[in-house]
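Let me begin by presenting the structure, written as structure tokens, before commenting on it.
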Amino acid sequence: SQSSPQASSQSSPQASSQSSPQASSQSSLPTAELSIKGRVSRKKNILSIQYRLAGALSQVAIPPIGKGGSRQDKLWEKTCFEFFLSAEEAPKQAPYWEFNLSPSGDWNVFSLTGYRQGLKEESAYRAMPLEAWQGFQGLQLEVSVPLENIVRAKQPIYLGVSAVVVLKSGMETFWAIA
């Protein structure tokens, strides 16, 4: 799957379903030539997601890769990868989980009672098996998340995959599956 960006000068987490780049009218900062690709699979109730950010990475504010590894808050204020998971077909009205994954290795998982409502840290996760590295293909992050503590093995899930990419210029861009 490939994502498309929505640029903004605001500092709040967003998931966007925009299919083409959009810059905030408040922002006159330049954007960077970037692309995000990924893969998603679910086997035996383990959700695996791979992200790859490529292009003008010298213009991206990337946290020090692999220097963290702990639960942290407000990761969406820096470059991070995210996904939103629900066991309900209408996720905006249903409970869901938000997963934040930093290239530093830091992470967090929140449960919400409805769209941006009732945010609290999800206690079902004490660690997050993620790995990030930067190579000739770009910045890559992989995670395999056991879902057994939040959804049943054969229960359908609804997934939104996204990323926040902060440029060194200060511009925040928000990416989501188009």
Side-chain angles (χ1 to χ4, degrees), residues 1-5 11-16 32 34-87 91 95-112 116 119-153 155 157-168 172-177:
S1 297
Q2 206 162 351
S3 307
S4 63
S11 316
S12 61
Q14 295 183 14
S16 171
L34 298 168
S35 67
I36 297 180
K37 295 182 179 181
R39 289 193 175 151
V40 175
S41 66
R42 182 182 182 191
K43 295 179 184 170
K44 297 185 179 181
N45 217 25
I46 295 178
L47 179 66
S48 296
I49 301 179
Q50 302 167 340
Y51 298 86
R52 184 173 68 213
L53 174 63
L57 296 184
S58 64
Q59 295 178 38
V60 177
I62 300 172
I65 295 174
K67 304 296 182 199
S70 62
R71 179 173 241 158
Q72 298 291 323
D73 198 14
K74 298 186 180 185
L75 293 173
W76 58 78
E77 292 179 351
K78 300 175 184 168
T79 296
C80 79
F81 300 97
E82 304 176 314
F83 66 93
F84 301 84
L85 184 145
S86 178
Y96 67 97
W97 293 270
E98 175 180 335
F99 291 73
N100 302 143
L101 312 165
S102 172
S104 70
D106 293 331
W107 61 276
N108 213 333
V109 180
F110 300 97
S111 62
L112 293 95
R116 295 188 177 180
L119 177 82
K120 68 176 188 169
E121 282 190 356
E122 175 55 68
S123 61
Y125 294 96
R126 303 216 184 277
M128 189 60 51
L130 71 93
E131 183 179 357
W133 66 95
Q134 189 170 345
F136 71 93
Q137 292 187 336
L139 172 63
Q140 298 186 67
L141 185 140
E142 294 184 4
V143 65
S144 292
V145 180
L147 299 177
E148 68 266 358
N149 291 333
I150 59 173
V151 295
R152 296 183 314 274
Q155 183 175 15
I157 59 172
Y158 300 87
L159 189 65
V161 181
S162 60
V164 175
V165 178
V166 178
L167 303 181
K168 289 179 179 175
E172 294 178 323
T173 61
F174 302 92
W175 299 67
I177 295 295

Worksheet item: Tell me, do Val151 and Leu85 make a side-chain contact under 4.5 Å, heavy atoms counted?
Response: yes
Worksheet entry | Leu47 side chain reached by Leu159 side chain, heavy atoms, under 4.5 Å | yes
Fill in: Residue pair Phe81, Ile49: steps toward the side chain to side chain contact (heavy atoms under 4.5 Å, CB included) verdict
CA-CA 10 Å; Phe81 300 97; Ile49 301 179; over 6 Å; no
Discussion item. Is it the case that atom NZ in Lys168 sees more than 12 heavy atoms from other parts of the structure closer than 6.0 Å?
Written reply: yes
Worksheet item: Under the ring pair (Phe, Tyr, Trp, His ring centres under 6.0 Å) test, which residues partner Phe99, sequence neighbours left out?
Response: Phe83, Tyr125
Worksheet, complete the sentence: Separation between CG (Leu57) and CG (Leu167), nearest 0.5 Å, reads 10.5 Å
Discussion item. Determine whether Lys120 and Phe110 satisfy the following criterion, side chain to side chain contact (heavy atoms under 4.5 Å, CB included), listing intermediate values before the conclusion.
Written reply: CA-CA 5 Å; Lys120 68 176 188 169; Phe110 300 97; over 6 Å; no
Worksheet, complete the sentence: What one should report as the nearest heavy-atom pair of Ala132 and Pro103 is CB-O, 3.4 Å
Worksheet item: To the nearest 0.5 Å, how far apart are CD in Glu131 and CD1 in Ile65?
Response: 11.0 Å
Worksheet, complete the sentence: Taken to the nearest 0.5 Å, the spacing of Cys80 SG from Asn100 CG works out to 5.0 Å
Fill in: Interatomic spacing from OG in Ser111 to CD in Glu121 - rounded to 0.5 Å
9.5 Å
Worksheet item: Are the side chains of Phe84 and Ser162 in touch, meaning some heavy atoms are under 4.5 Å apart?
Response: yes
Item to complete: Apply the test side chain to side chain contact (heavy atoms under 4.5 Å, CB included) to residues Trp97 and Ile150: give CA-CA distance (whole Å), side-chain angles for both, the deciding distance (0.1 Å), then the verdict.
Response: CA-CA 9 Å; Trp97 293 270; Ile150 59 173; 3.6 Å; yes
Which atom pairs, one a donor and one an acceptor, fall under 3.5 Å between side chains of residues 137-149 and the rest of the protein, sequence neighbours left out?
{"unit_1": "Gln137", "atom_1": "OE1", "unit_2": "Arg52", "atom_2": "NH1", "d": "3.4"}
{"unit_1": "Ser144", "atom_1": "OG", "unit_2": "Ser48", "atom_2": "OG", "d": "3.0"}

Worksheet item: Distance only, no hydrogens: is a donor on one side chain within 3.5 Å (strictly under) of an acceptor on the other, for Asn108 and Gln72?
Response: no
Worksheet item: Quick one: are Val165 and Trp175 in side-chain contact, heavy atoms under 4.5 Å?
Response: yes
Item to complete: Measure the spacing between CZ of Arg71 and CZ of Arg126 and express it to the nearest 0.5 Å.
Response: 8.0 Å
Response to the item:
When every non-hydrogen atom of Ser102 is compared with those of Leu130, the smallest separation belongs to O-CD1, 3.8 Å
Worksheet item: Heavy atoms, side chains only, cut-off 4.5 Å: are Trp76 and Glu98 in contact?
Response: yes
Response to the item:
Separation between CD (Glu82) and CZ (Phe174), nearest 0.5 Å, reads 8.5 Å
Worksheet item: What pair of heavy atoms forms the shortest contact from Asp106 to Gly69, and how long is it?
Response: OD1-N, 2.9 Å
Discussion item. Are the side chains of Val164 and Lys78 in contact, using a 4.5 Å heavy-atom criterion?
Written reply: no
